[in-house]
Amino acid sequence: DAKTTQPPSMDCAEGRAANLPCNHSTISGNEYVYWYRQIHSQGPQYIIHGLKNNETNEMASLIITEDRKSSTLILPHATLRDTAVYYCIVRVFYGGSQGNLIFGKGTKLSVKP
Amino acid sequence: ETGVTQSPTHLIKTRGQQVTLRCSSQSGHNTVSWYQQALGQGPQFIFQYYREEENGRGNFPPRFSGLQFPNYSSELNVNALELDDSALYLCASSLDRDNYGYTFGSGTRLTVV
């Protein structure tokens with residue numbers, strides 16, 4: 001079973017920041033937080049990952065709380081093309097579970113004009 | 001633009017038949033994973049191959065089997081198809097088992113009637 005809890009759906013206005021929360025209260029010390037998204041009719045796309053420090057790349061920012069029990073994915077300026085299902089996943093980076101990703105149901109983000 | 005190609009994109013089979021799905025990984029990616037995604041659910045891990053050997057398996061029966069070839073292509077075989085096998089089958093490749101950078105294909109939509 002997935003070790004994360006996400007809201008089933010969220011709306012965001014185009015051009016505004018989209019903040020997607022994720023709870024992972026049972027995360028282990030060696031587990032990373034990963035975010036993927038899946039646009040309709042496509043395979044999942046890697047967005048970002050982090051251990052305990054905040055991370056930023058060209059797609060998004062990841063904010064992890066100090067106790068690591070929750071995190072937030074931030075899309076700073078959402079566009080219509082960001083409409084997708086967003087998955088928050090925790091997994092060991094090295095040496096565990098043969099690398100499989102355990103997906104939950106994710107959050108369906110709808111960006112509206 | 002994804003570097004992972006899956007074929008066919010859609011397929012209809014009859015219950016009891018056998019099916020082979022194919023995946024062409026990004027050049028140099030020595031790890032390939034297969035996932036099953038039922039409608040409205042997140043992808044579920046089937047198994048992973050690393051350097052042509054299976055090195056991880058999810059909760060799927062033995063009638064789900066696979067192969068990985070030296071040219072970075074791979075196959076998912078399903079015998080004795082059941083109606084519940086109807087799903088989107090996704091292939092994901094990466095450079096190493098523990099690499100976070102999984103690249104997914106767009107999947108094969110299998111319908112069993």
Side-chain angles (χ1 to χ4, degrees), chain A residues 1-9 20 22 24 30-51 53 55 57-60 62 64 73 81 84-109, chain B residues 1-7 9-10 21 23-26 29-51 53-60 66 68 87-109:
Chain A
D1 291 345
K3 295 180 66 172
T4 61
T5 304
Q6 301 177 252
S9 64
L20 292 93
C22 179
H24 31 79
N30 61 347
E31 288 182 315
Y32 285 66
V33 180
Y34 292 76
W35 284 84
Y36 280 75
R37 73 178 182 184
Q38 188 172 22
I39 297 170
H40 183 61
S41 299
Q42 297 182 22
Q45 175 191 24
Y46 165 81
I47 301 173
I48 198 167
H49 79 288
L51 181 62
N53 297 321
E55 302 289 344
N57 62 20
E58 66 278 4
M59 291 183 66
L62 173 61
I64 302 174
L73 179 74
R81 288 177 293 182
V85 177
Y86 287 77
Y87 296 100
C88 170
I89 299 167
V90 297
R91 69 170 284 250
V92 176
F93 188 83
Y94 274 122
S97 304
Q98 292 82 35
N100 60 294
L101 301 172
I102 301 176
F103 291 83
K105 292 189 176 182
T107 296
K108 168 66 174 173
L109 176 68
Chain B
E1 182 178 350
T2 180
V4 177
T5 305
Q6 293 187 243
S7 63
T9 55
H10 295 82
L21 309 181
C23 172
S24 178
S25 302
Q26 280 192 210
H29 278 193
N30 54 18
T31 302
V32 64
S33 303
W34 285 88
Y35 289 79
Q36 179 195 67
Q37 186 173 24
L39 203 61
Q41 304 295 318
Q44 300 298 306
F45 175 70
I46 302 175
F47 46 57
Q48 178 173 279
Y49 279 78
Y50 172 67
R51 294 185 176 179
E53 291 191 3
E54 183 178 307
N55 83 322
R57 189 176 186 92
N59 188 26
F60 281 82
Q68 185 186 26
L88 180 68
Y89 288 85
L90 296 160
C91 165
S93 74
S94 66
L95 180 56
D96 290 301
R97 287 172 293 181
D98 302 316
N99 191 302
Y100 60 81
Y102 287 93
T103 302
F104 281 82
S106 295
T108 294
R109 173 72 62 188

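Not measured: the values here are computed from a predicted model. Just so it is clear, the values below take in all heavy atoms, side chains as well, and ignore hydrogens, waters and symmetry mates. Below, chains carry the letters A, B, ... as their sequence lines are ordered, and counting in each starts from 1.
Only the side chain of B:Q44 comes within contact range of chain A, with at least one heavy atom under 4.5 Å from a heavy atom of that chain. The contact between B:L88 and chain A is made entirely by side chain atoms (from C-beta outward), counting heavy-atom distances below 4.5 Å.
Note: B:F45 and B:F47 fail the aromatic proximity criterion, with ring centroids not under 6.0 Å apart.
Ring orientation note: the planes of B:F104 and B:Y35 are tilted relative to one another, at an angle of 30° to 60°. Relative orientation of the A:H49 and A:Y34 rings is parallel, given thresholds of 30° and 60° on the angle between their planes.
The residue among A:G106, A:G43, A:P44 with the most heavy atom pairs within less than 4.5 Å of chain B is A:P44. Each of B:G58, B:G40, B:G42 has some count of heavy-atom pairs under 4.5 Å with chain A, and the biggest count is that of B:G42.
The minimum heavy-atom distance between A:C88 and A:T4, with the atom names listed, is O-OG1, 2.9 Å.
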